[in-house]
Amino acid sequence: MSDSVLSQAEIDRLLNGGGDDDSDNLAENPQQPEQNEGIKPYNPNTQRRVVRERLQSLEIINERFARQFRIGLFNLLRRSPDITVGAIKIQPYHDFARNLSVPTNLNLVHMNPLRGTALFVFSPNLVFMTVDSLFGGDGRFPTKVDGREFTPTEQRIIEKILSMALEAYDYGWSSVFKLKTEYVRSEVQVKFTNITSSPNDIVVTTPFSVEIGAHVGHFDICIPFSIIEPLRELLTSPLMENSKQEDEQWRNTLATQVQDTEIELMANFVEIDTRLLQVMQLKKGDIIPIDKPESLVAFIDGVPVLSGKYGCVNNQYALKVEHMKNPSLASFKKE
């Protein structure tokens with residue numbers, strides 16, 4: 001009778017509808033599904049690029065920009081705004097675009113001499129708050145965002161705000177890299193702003209919050225990572241304030257020491273083509289006829305540096321310099 005008794009594994013297979021190899025593996029390894037929960041399929045078309053470095057210089061640029069932009073807004077509105085810089089976000093472009101409200105003022109900007117287009121995004125709350133403050137309002141009657149386009153008056157004010165923002169942004173970059181922003185065009189719908197070749201391309205976005213009284217508006221600066229990637233080393237390692245002064249001092253010291261270096265200047269008077277047999281047949285008193293050249297070329301370590309005429313000055317043989325052969329010496333003289 002003991003041979004006819006089913007084991008527990010056989011009973012489990014019968015209860016599971018006949019069972020298969022997968023059910024056996026699940027019964028024997030109950031922890032296997034939990035181990036596979038963190039595994040995600042790899043898709044090379046949507047693979048996100050990971051940027052682990054902290055862009056410290058870009059944080060300094062944003063702070064400088066915020067201070068300068070605040071001054072411009074104060075001169076325009078005659079009210080004291082408070083601008084807060086948010087944390088820098090590195091994310092795919094489609095994640096940034098799907099969180100934009102409608103209508104949103106999207107301004108495409110070139111960042112010369114870098115290659116590519118960035119976005120200056122002004123939220124409708126910021127536009128309506130600025131218009132209300134500019135015309136003497138105190139925000140008691142908030143404007144509803146109902147999906148309409150901006151009026152010509154609002155567009156005119158946006159242009160003034162954008163002009164101040166671009167000027168302040170150039171100032172913010174001046175300590176790190178000489179940048180000149182150039183306005184391209186404005187859009188309302190994000191689908192017409194193709195600043196990246198793919199929605200999965202990485203962008204660097206910085207949110208800003210503008211407070212005027214009890215009201216708050218927002219705007220963002222979105223830069224494709226491919227634009228600032230050539231400046232990656234500058235953005236991750238901020239420059240020291242005295243680095244420029246130290247480099248200039250080191251350069252002047254090096255130039256002074258190089259100028260005091262002793263070198264040998266050799267002028268080739270004449271060259272004669274002969275043979276070894278003729279040289280061996282020479283004896284004391286023989287004369288080798290030569291023609292006096294009109295000009296001589298002087299060399300330093302085999303490199304021609306100048307040409308001039310041969311003569312005598314104050315009972316000494318001399319060369320009169322006519323022109324320099326090596327143009328790099330002229331630039332060195334200027335330094």
Side-chain angles (χ1 to χ4, degrees), residues 44 49-53 55-58 110-116 170 173-180 182 197 224-335:
R49 183 173 183 178
V50 179
V51 182
R52 295 183 175 86
E53 297 90 348
L55 303 178
Q56 301 182 43
S57 296
L58 189 58
H110 284 328
M111 301 175 62
N112 300 320
L114 303 178
R115 299 183 61 182
D170 292 344
W173 273 85
S174 60
S175 61
V176 178
F177 184 78
K178 294 299 181 182
L179 195 69
K180 180 62 178 177
E182 179 186 359
S197 58
F225 186 75
S226 58
I227 295 181
I228 60 177
E229 188 171 10
L231 307 177
R232 189 169 184 170
E233 184 176 354
L234 287 177
L235 297 178
T236 54
S237 301
L239 297 175
M240 298 178 62
E241 293 297 331
N242 59 345
S243 61
K244 183 176 181 181
Q245 182 179 1
E246 292 178 354
D247 290 344
E248 185 175 356
Q249 183 179 1
W250 176 85
R251 188 182 185 91
N252 293 335
T253 303
L254 179 61
T256 302
Q257 293 179 356
V258 171
Q259 290 175 358
D260 292 338
T261 304
E262 294 185 1
I263 57 176
E264 182 180 3
L265 183 67
M266 181 180 296
N268 192 358
F269 192 83
V270 68
E271 290 184 0
I272 300 176
D273 294 331
T274 185
R275 299 173 187 234
L276 179 60
L277 179 61
Q278 296 176 352
V279 175
M280 295 176 62
Q281 292 176 352
L282 291 175
K283 57 184 181 295
K284 185 177 179 179
D286 288 347
I287 298 175
I288 302 176
I290 60 174
D291 295 330
K292 183 179 179 180
E294 295 182 359
S295 63
L296 301 178
V297 179
F299 296 83
I300 297 178
D301 289 338
V303 179
V305 293
L306 59 89
S307 63
K309 292 185 176 181
Y310 173 75
C312 295
V313 176
N314 297 329
N315 296 325
Q316 291 183 338
Y317 297 115
L319 285 177
K320 182 179 180 181
V321 180
E322 293 182 334
H323 63 275
M324 302 298 293
K325 288 280 188 180
N326 198 332
S328 60
L329 294 177
S331 61
F332 183 76
K333 182 179 179 180
K334 292 181 181 179
E335 294 185 6

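These figures come from a predicted structure and were not determined experimentally. Residue indices begin at 1 and follow the sequence shown. All values below were derived from every heavy atom in this structure, side-chain atoms included, with hydrogens, water molecules and symmetry-related copies excluded.
Taking the side-chain contact (heavy atoms from CB on, under 4.5 Å) definition, one finds that S174 meets it with R64, Y171, K178, sequence neighbours left out. Judged as a ring pair (Phe, Tyr, Trp, His ring centres under 6.0 Å), and not counting sequence neighbours, F299 has no contacts. Under the rule for a salt bridge (charged side-chain N to carboxylate O under 4.0 Å, His left out), the partners of K283 that lie at least two apart in sequence or sit in another chain are D286.
Here the CG atom belonging to L235 is positioned 11.0 Å from the CD atom belonging to E229, to the nearest 0.5 angstrom. One finds the CG atom of L306 at 9.0 Å from the NE2 atom of H323 (value rounded to the nearest 0.5 Å). Here CG of D170 is found 11.0 Å from CD of E182. Values are rounded to the nearest 0.5 Å. Interatomic distance, L254 CG to Q259 CD, rounded to the nearest 0.5 Å: 10.0 Å.
When atom types are taken as modelled, the side chain of S57 and the backbone of L234 share a donor-acceptor pair closer than 3.5 angstrom.
For D301, the CG atom is loosely surrounded, since the number of other residues' heavy atoms within 6.0 Å does not exceed 12. More than 12 non-hydrogen atoms from other residues, nucleotides or ligands lie less than 6.0 angstrom from CD1 of I272.
Residues L319 and Y310 share a closest heavy-atom pair of CD2-CA, 4.0 Å. Contact record, Q56 with T236: NE2-O, 3.7 Å, taken as the closest heavy-atom pair. Scanning all heavy atoms of the two residues, the minimum distance from L179 to N112 falls at CD1-O, 3.3 Å. Of all non-hydrogen atoms in V313 and A318, the two that sit nearest each other are CG2-CB, 4.1 Å.
Between L114 and L231 there is a side-chain heavy-atom pair separated by less than 4.5 Å. In this structure the side chain of Q278 never reaches within 4.5 angstrom of the side chain of L282, judged on heavy atoms.
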